[in-house]
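What follows is a short report on a single structure.
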Amino acid sequence: NIQKVYDRLQVLHFATERDLLAAVSLHYHRLGKGRYSIDADSRKSPWRITFAWENEELTNVTLVKIEDTH
């Protein structure tokens with residue numbers, strides 16, 4: 001759902017980490033090594049938006065598809 005992804009990117013553009021923690025529906029979580037993630041569409045979607053924080057600013061924002069390799 002392209003519109004949902006766009007909406008999530010808009011949220012990220014203006015969000016602080018506190019905002020993301022408060023928005024439970026985004027499923028914000030740490031991936032490790034300074035990377036974080038939110039769901040791009042819904043919890044069941046294979047798409048995630050990943051990013052890093054640098055001085056309270058988002059950096060390296062990427063849309064990735066998580067594939068089940070099993």
Side-chain angles (χ1 to χ4, degrees):
N1 184 338
I2 299 298
Q3 184 60 48
K4 183 76 109 176
V5 172
Y6 178 77
D7 293 344
R8 298 278 168 106
L9 288 170
Q10 288 291 86
V11 167
L12 280 178
H13 182 71
F14 295 104
T16 65
E17 186 169 23
R18 182 178 289 200
D19 297 333
L20 297 179
L21 288 168
V24 177
S25 64
L26 296 177
H27 301 283
Y28 171 70
H29 60 278
R30 184 182 180 123
L31 298 173
K33 297 186 180 183
R35 299 289 298 162
Y36 297 85
S37 172
I38 65 169
D39 292 338
D41 184 5
S42 70
R43 190 67 182 146
K44 294 181 181 181
S45 169
W47 292 95
R48 305 287 179 262
I49 300 171
T50 65
F51 51 91
W53 289 105
E54 186 174 318
N55 299 323
E56 298 185 22
E57 295 288 326
L58 292 171
T59 62
N60 300 319
V61 178
T62 307
L63 179 65
V64 297
K65 183 175 184 183
I66 308 301
E67 295 186 21
D68 185 5
T69 59
H70 299 284

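FYI, the numbering just counts along the sequence from 1. Side chains are part of it too, since the values below use all heavy atoms of this structure and drop only hydrogens, waters and symmetry mates.
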Q: List the steps and the verdict of side-chain contact (heavy atoms from CB on, under 4.5 Å) for I49 and L9.
A: CA-CA 8 Å; I49 300 171; L9 288 170; 3.9 Å; yes
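A 4.5 Å side-chain heavy-atom check between W53 and L58 finds at least one atom pair inside the cut-off. Between L63 and W47, the closest side-chain pair of non-hydrogen atoms falls below 4.5 Å. The closest side-chain heavy-atom distance from V5 to I2 is not below 4.5 Å. In this structure, the side chains of D7 and Q3 come closer than 4.5 Å at one or more pairs of heavy atoms. You'll find the side chain of F51 stays beyond 4.5 Å of the side chain of N60, heavy atoms only. Contact of the H29 side chain with the Y36 side chain is not registered, since no non-hydrogen atoms from C-beta on lie closer than 4.5 Å.
With values rounded to the nearest 0.5 angstrom, S42 atom OG is found 12.0 Å from L26 atom CG. Here the OG-CD1 distance, from S37 to I66, works out to 7.0 Å after rounding to the nearest 0.5 Å. From R48, atom CZ reaches atom NE2 of H27 across 8.5 Å, with rounding to the nearest 0.5 Å.
Residue V61 is grouped with residue L20 when hydrophobic side chains (ILVMFWY) are merged at heavy-atom distances under 4.5 angstrom, including chains of intermediate members. Y6 and Y28 fall into different hydrophobic clusters, defined by Ile, Leu, Val, Met, Phe, Trp and Tyr side-chain heavy atoms under 4.5 Å apart, directly or through other members.
Remark: the backbone N or O of D39 is paired with a side-chain donor or acceptor of R8 at under 3.5 angstrom. No donor-acceptor pair under 3.5 Å is formed between the side chain of R18 and the backbone N or O of A15.
Considering all non-hydrogen atoms of both residues, V64 and T62 come closest at CG1-CG2, 3.6 Å.
Other residues, nucleotides and ligands contribute at most 12 non-hydrogen atoms within 6.0 Å of the CD atom of E57.
Side-chain contact annotation: R35 with T50, donor-acceptor N/O pair under 3.5 Å present.
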